[in-house]
Peer 1: 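Submitted below is the structure of interest, expressed as structure tokens.
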Amino acid sequence: MKICIVGAGAMGCLYGGCLSLIGHDITLVGGRSIPVIREKGLKMNTAWTGPVVVYPKACNAEELEGEYDLLILLTKTFQSRAAMDSVRHILNNKMTVLSLQNGLGNKELLQEYVATEQIMLGMTLYPSDLIAPGEIVSSFADIGALVDAEGPLSERTRKISAEMDKAGIKHIIGEGAWEFIWEKVIFNASANTVCALMGVSSEMLSPIGAYDLLYQMADEGVAVANANGIPITGEGMRKRLFNILELGKTHAPSMLVDITAGRKTEVDFINGGLAREGRRLGIPTPINDVIIQLIHLKENSRGKEYISHS
Ligand SMILES: NC(=O)C1=CN([C@@H]2O[C@H](COP(=O)(O)OP(=O)(O)OC[C@H]3O[C@@H](n4cnc5c(N)ncnc54)[C@H](OP(=O)(O)O)[C@@H]3O)[C@@H](O)[C@H]2O)C=CC1
Ligand SMILES: CC(C)(CO)C(=O)C(=O)O
């Protein structure tokens, strides 16, 4: 398949690198890794491939040309519009466009660029860290999910999932896939924000006594999901939260990494997405609403930390 990955960061390099390794024609687009990958290739060290260097094509958006079967969007969600605007010249009405980004609202954004039948959505629980430009580490294999933005499971989604499987990145498709996607959003809304606010990694959530708050936040998310027709339960969600945290206990959640690096977070798409859906469906999300404000305060507090004047 001819695949263009827009957003060559931690996740873009993971998906692009693994698909390139099994022979797909990959072009990585955008970001500070591009010149390094062009010159020296992409260095990957994943739990399922071991250390390896791959040589996908790499370019900036304006250099892109030709037709692609699949475009995978893997910028941060607040970068999506600028990224999609920059690749408008290669969009056509035959290609598939897949967002594997965190949060809600990715479908609506892509609908501004292509028809709904062309859109796939997904989530991924595979972790990836960009340790230097053109160099990533993925420390454990987990699972993702892929769906058609609307309608029943298509042959196209089966085929794309099968290729990702061969590349070592497994996804649930069909029954249960939407539930996985919602559970991931609720997981990120609860665990990532608390880790980011407290400055702790996932393994510290239990010692600091954060689970009660996580479960209350998750319950709000479950109520919004249920109102959307997604049949998940509070108990099931708690188990998922616990299991994801257990498997990823050494991985620093992306929101903690963003806050630590003084960058903007995806909170408006994760908790903000849940709160917007809640408002639309008449489901209150008071804890998530406060957490959104606290994360914004945390973003704005960088460089203004307390200094004793005594
Ligand atoms: N990392 C992880 O473990 C996981 C991440 N995710 C999700 O995957 C998505 C991507 O995350 P992640 O890879 O970590 O983020 P990164 O910040 O590592 O990657 C985003 C990349 O997009 C590039 N970029 C920014 N603006 C544009 C643009 N206009 N056009 C093209 N490229 C652009 C960035 O450039 P530059 O290099 O200059 O910053 C960067 O290379 C997010 O939604 C995240 O929540 C999901 C699961 C796990
Ligand atoms: C990999 C995972 C699930 C860990 O929190 C994630 O989504 C993130 O870091 O944003």
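Sequence positions, counted from 1, serve as the residue numbers for this chain. Counting starts at 1 for both ligands and their atoms, in listed order. The structure presented is a predicted model; accordingly, all values stated were derived computationally and were not measured.
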Peer 1: With heavy atoms only and a cut-off of under 4.0 Å, state how Val257 meets ligand 2: side chain, backbone, both or neither.
Peer 2: neither
Peer 1: One thing to verify: whether Glu163 and Lys159 come together as a salt bridge, which I'm taking to mean a side-chain N less than 4.0 angstrom from a carboxylate O.
Peer 2: no
Peer 1: Check each atom of ligand 1 against the heavy atoms of Tyr126 and keep those under 4.0 Å away; list them by number with element.
Peer 2: 48 (C)
Peer 1: Any idea which part of Met255 is under 4.0 Å from ligand 2, heavy-atom wise: side chain, backbone, both or neither?
Peer 2: neither
Peer 1: What atoms in ligand 1 come closer than 4.0 Å to a heavy atom of Ala83?
Peer 2: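 Those atoms are 28 (C), 29 (N), 30 (N).
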Peer 1: Using a strict cut-off of less than 4.0 Å between a Lys/Arg side-chain nitrogen and an Asp/Glu carboxylate oxygen, indicate whether Arg238 and Glu235 qualify as a salt bridge.
Peer 2: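 Salt bridge absent between Arg238 and Glu235.
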Peer 1: Measuring only between side-chain heavy atoms, which start at C-beta, is Met255 closer than 4.5 Å to Val267?
Peer 2: yes
Peer 1: Would you say Glu67 and Ile90 make side-chain contact, with heavy atoms under 4.5 Å?
Peer 2: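 Contact flag for Glu67/Ile90 side chains = no.
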Peer 1: Counting from 1, what ligand 1 atoms have a heavy atom of Gln79 closer than 4.0 Å?
Peer 2: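 Atoms satisfying the 4.0 Å criterion: 22 (O), 24 (N), 25 (C), 26 (N).
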Peer 1: Do the charged groups of Lys94 and Asp69 touch, with an N to O distance under 4.0 Å?
Peer 2: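 Salt bridge absent between Lys94 and Asp69.
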Peer 1: I want to confirm something. Looking only at heavy atoms, which of Gln101, Met123, Arg32, Lys184 is nearest to atom 36 (P) of ligand 1?
Peer 2: Arg32
Peer 1: Check whether any N or O atom of Asn102, backbone or side chain, sits under 3.5 Å from an N or O atom of ligand 2, and answer yes or no.
Peer 2: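 Yes, there is a polar N/O contact under 3.5 Å.
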Peer 1: State the atoms of ligand 1, each with its element, that fall below the 4.0 Å cut-off from a heavy-atom position in Gly31.
Peer 2: 35 (O), 36 (P), 37 (O), 38 (O), 41 (O)
Peer 1: Could you tell me, atom by atom, which parts of ligand 2 come under 4.0 Å of a heavy atom of Ser254?
Peer 2: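 Selected atoms, number and element: 8 (C), 9 (O), 10 (O).
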Peer 1: With nothing but distance in play, are any N or O atoms of Leu130 less than 3.5 Å from an N or O of ligand 1?
Peer 2: no
Peer 1: Measuring from atom 6 (C) of ligand 2, which candidate in Leu247, Asn188, Asp258, Ile270 has the nearest non-hydrogen atom?
Peer 2: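 The residue whose heavy atom sits nearest atom 6 (C) of ligand 2 is Asn188.
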Peer 1: Which atoms of ligand 1 are found less than 4.0 Å from any heavy atom of Ala8?
Peer 2: 41 (O)
Peer 1: Hey, are Asp142 and Lys170 close enough for a salt bridge, meaning a charged N less than 4.0 Å from a carboxylate O?
Peer 2: no
Peer 1: Which of the numbered atoms in ligand 1 are below 4.0 angstrom from a heavy atom of Gly30?
Peer 2: 31 (C), 32 (N)
Peer 1: Of all the atoms in ligand 1, which lie at a distance below 4.0 Å from a heavy atom belonging to Pro127?
Peer 2: 3 (O)
